[in-house]
Amino acid sequence: MYIRKLIAAGALAAAAVSTQAQANELKFANFMPAGHPYVASTFQPLADAIAAGTNGDVTVKIYSGGELGAGPVEQYNRVVDGVAELAVSLPGYTASQFPLTLLSELPGVLTEANGTETIWNNVDLLGSEYRRTHLVALWSSAENVLFTRDKAVHTPEDIAGLKIRVPSRNTGLLVEAWGASPVSMPVSEIYNALQTGVIDGAMIDGTAVGAFKLGEVANFITVGMDTTISPFFILMNRDAYGDLSDDQKAAVDAAGKAASLNGQASQLAGAAKGIEGFATTEGKEVIHLTDAEAAAFDALSAPVVQAVVGETGGDAAAIVEALSK
């Protein structure tokens with residue numbers, strides 16, 4: 001009987017150790033392909049920093065290419081529901097959850113160079129939107145530019161009536177103000193939609209030339225007008241974060257701040273490289289708007305910013321003012 005009790009106790013202890021080991025491995029849901037520049041520049045360093053900062057007691061396993069569930073739009077819910085302890089996504093995919101965060105993407109609010117630093121200096125203004133999760137990383141990206149398949153766009157008249165994919169509601173309002181028809185679509189679907197003519201163009205940053213192969217299906221990129229800068233974030237399940245010790249939480253938060261800066265740096269470098277490569281490819285053209293051409297777009301964009309701030313209400317005007325300094 002005594003031996004049986006010892007065996008049973010040993011089995012229970014082993015099970016507890018096994019459960020603890022599993023609990024300490026955090027699943028990271030990444031909807032992007034494993035070869036996306038973010039994986040090497042941002043996600044894996046985040047995982048490495050968390051492991052190092054917790055002496056290996058907390059580790060992160062990255063599941064890329066939608067392995068934990070297809071569709072970038074569902075990333076937020078995957079974290080809330082605990083399907084993954086960590087996930088990367090864009091607030092624009094679930095815009096109704098993040099109206100304050102998305103004020104940062106409006107034209108003229110942030111700059112490419114200092115956007116991420118500005119966001120973190122004012123992150124307390126956005127805190128109410130992250131009550132159901134824990135915000136690990138948040139960064140501004142490269143500006144969204146206009147990819148088109150068949151139409152060279154120099155003026156709002158050129159874009160009038162075209163179907164343009166947009167990454168968020170705010171970008172949709174901008175495109176609509178220019179005279180085009182916005183189409184909401186996850187980034188993973190742009191290639192086929194543009195190739196088959198379901199859409200005529202897409203608003204997305206320059207990394208899409210290589211990361212999502214849009215350089216193969218678009219023939220023009222238009223740059224120079226004021227446009228949106230889509231934020232990205234990494235969220236953590238609230239309960240999973242709460243289960244960590246104070247030191248482990250500090251390690252996750254420190255790794256997240258570093259990931260924010262890494263994400264921005266990777267995005268800006270990738271976007272510049274993508275647009276430069278596109279410009280030197282035979283049959284492709286990067287259209288740099290003249291000041292007068294850009295002004296025509298910007299005049300149509302200005303009322304959109306005012307309208308979004310007014311519709312958001314609350315502290316929206318104060319947040320835009322703080323982020324714009």
How about Glu112 and Glu143: do any of their side-chain heavy atoms sit closer than 4.5 Å? yes
Grouping I, L, V, M, F, W and Y whenever their side-chain heavy atoms are under 4.5 Å apart, do Phe147 and Phe212 come out in a common cluster? yes
CG (Leu110) and CG (Leu103) are apart, to the nearest 0.5 Å, by 10.0 Å
Using a 4.5 Å cut-off on heavy atoms from C-beta on, say whether the side chain of Val187 contacts that of Tyr93. yes
Within one Ile-Leu-Val-Met-Phe-Trp-Tyr cluster: Ile221 and Trp178, side-chain cutoff 4.5 Å: no
With a 4.5 Å cut-off on side-chain heavy atoms, are Gln75 and Phe31 touching? yes
Less than 3.5 Å apart, any donor N or O on the side chain of Glu216 or Tyr191 sitting next to an acceptor on the other? yes
Using the rule given for side-chain contact (heavy atoms from CB on, under 4.5 Å), can you reason through Phe220 versus Val153, listing the C-alpha separation, both sets of side-chain angles and the distance that settles it, and then say yes or no? CA-CA 8 Å; Phe220 303 96; Val153 174; over 6 Å; no
Is the count of non-hydrogen atoms from other residues, nucleotides or ligands lying under 6.0 Å from Lys284 atom NZ greater than 12? yes
Can you confirm whether Arg238 sits close enough to Thr133 that some side-chain heavy atom of one is under 4.5 Å from a side-chain heavy atom of the other? no
Taking atom CG as the centre, does Asp298 end up with more than 12 heavy-atom neighbours from other residues, nucleotides or ligands that are less than 6.0 angstrom away? yes
Inspect the surroundings of CG in Asp81 and state if more than 12 heavy atoms from other residues, nucleotides or ligands are less than 6.0 Å away. yes
Would the distance check show the side chain of Thr280 and the main-chain N or O of Gly277 forming a donor-acceptor pair, the cut-off being under 3.5 Å? yes
Give me the atom names and distance for the closest heavy-atom approach of Ala322 to Leu125. CB-CD1, 3.9 Å
Do the side chains of Leu323 and Val305 join up, straight or via other hydrophobic residues, at under 4.5 Å, putting them in one cluster? yes
Start with the C-alpha gap between Phe43 and His36, add the side-chain angles, then the distance that decides, and say whether ring pair (Phe, Tyr, Trp, His ring centres under 6.0 Å) holds. CA-CA 10 Å; Phe43 306 155; His36 191 284; 7.5 Å; no
Salt bridge present between Lys61 and Glu25 (N-O < 4.0 angstrom): no
From Thr54 OG1 over to Asp247 CG, what is the distance, rounded to the nearest 0.5 angstrom? 10.0 Å
Going through the distances and angles, do Asn122 and Ile319 end up as a side-chain contact (heavy atoms from CB on, under 4.5 Å)? CA-CA 8 Å; Asn122 297 278; Ile319 292 172; over 6 Å; no
Do Ile275 and Ile190 sit in the same hydrophobic cluster, where Ile, Leu, Val, Met, Phe, Trp and Tyr count as joined when their side-chain heavy atoms come under 4.5 Å apart? yes
How close do Ala180 and Leu162 get, counting heavy atoms only, and between which atoms? CB-O, 3.3 Å
Main-chain N/O of Ala240 paired to Asn237 side chain as donor or acceptor, under 3.5 Å: yes
For Thr59 and Leu26, run side-chain contact (heavy atoms from CB on, under 4.5 Å): C-alpha distance rounded to whole Å, both residues' side-chain angles, the deciding distance at 0.1 Å, then the answer. CA-CA 6 Å; Thr59 60; Leu26 308 177; over 6 Å; no
Is it the case that the side chain of Thr196 and the backbone of Asn192 share a donor-acceptor pair, with hydrogens and angles ignored and the cut-off at 3.5 Å? yes
Is there a donor-acceptor pair closer than 3.5 Å between any side-chain N or O of Gln248 and the backbone N or O of Tyr241? no
So, for Asp200 and Ile164, which heavy atoms are closest and what is the spacing to 0.1 Å? C-CD1, 4.4 Å
Phe297 CZ to Thr155 OG1 distance, which is reported to the nearest 0.5 Å: 6.0 Å
Modelled atom types, side-chain donor and acceptor of Asn144 and Ser230, under 3.5 Å: yes
Please report the interatomic distance OG1(Thr227) to CG(Leu146), rounded to the nearest 0.5 Å. 8.5 Å
If you measure from the Lys or Arg side-chain nitrogens to the Asp or Glu carboxylate oxygens, is any gap between Glu105 and Arg169 under 4.0 Å? no
So, taking the atom named CG in Leu300 and the one named CD in Glu176, what distance separates them when rounded to the nearest 0.5 Å? 12.0 Å
Could you pull out the closest heavy-atom pair between Val73 and Thr94, with the gap in Å? O-CG2, 3.8 Å
Cut-off 3.5 Å, side chains only: do Asn262 and Thr42 have a donor facing an acceptor? no
Using a 4.5 Å cut-off on heavy atoms from C-beta on, say whether the side chain of Leu86 contacts that of Lys27. no
Using modelled atom types only, decide if a donor and an acceptor are shared between the side chain of Glu129 and the backbone of Leu100 within a distance under 3.5 Å. yes
pair Lys163-Val198: side-chain heavy atoms closer than 4.5 Å: no
Rounded to the nearest 0.5 Å, what separation is found between the CE atom of Met32 and the OH atom of Tyr38? 6.0 Å
Would Ser141 and Phe232 count as a side-chain contact (heavy atoms from CB on, under 4.5 Å) here? Give the steps. CA-CA 7 Å; Ser141 60; Phe232 285 72; 3.8 Å; yes
So among Thr290, Ile287, Thr222, which one has a side-chain contact (heavy atoms from CB on, under 4.5 Å) with His154? Ile287
ILVMFWY cluster, Ile204 and Trp139 together (side-chain gap under 4.5 Å): yes
What one should report as the nearest heavy-atom pair of Leu194 and Arg149 is O-CD, 3.1 Å
Heavy-atom pair with the smallest gap, counting every atom of Asn170 and Leu102: ND2-O, 3.2 Å
Mind checking whether Val145 and Met203 have side chains closer than 4.5 Å, heavy atoms only? no
Among side-chain atoms of Thr207 and Asp205, is any donor-acceptor pair under 3.5 angstrom? yes
Does the side chain of Tyr76 reach to within under 4.5 Å of the side chain of Leu235, using non-hydrogen atoms? yes
More than 12 non-hydrogen atoms from neighbouring residues, nucleotides or ligands closer than 6.0 Å to CD on Glu285, yes or no? yes
Checking Arg165 side chain against Met185 main chain: does a donor-acceptor pair fall under 3.5 Å? yes
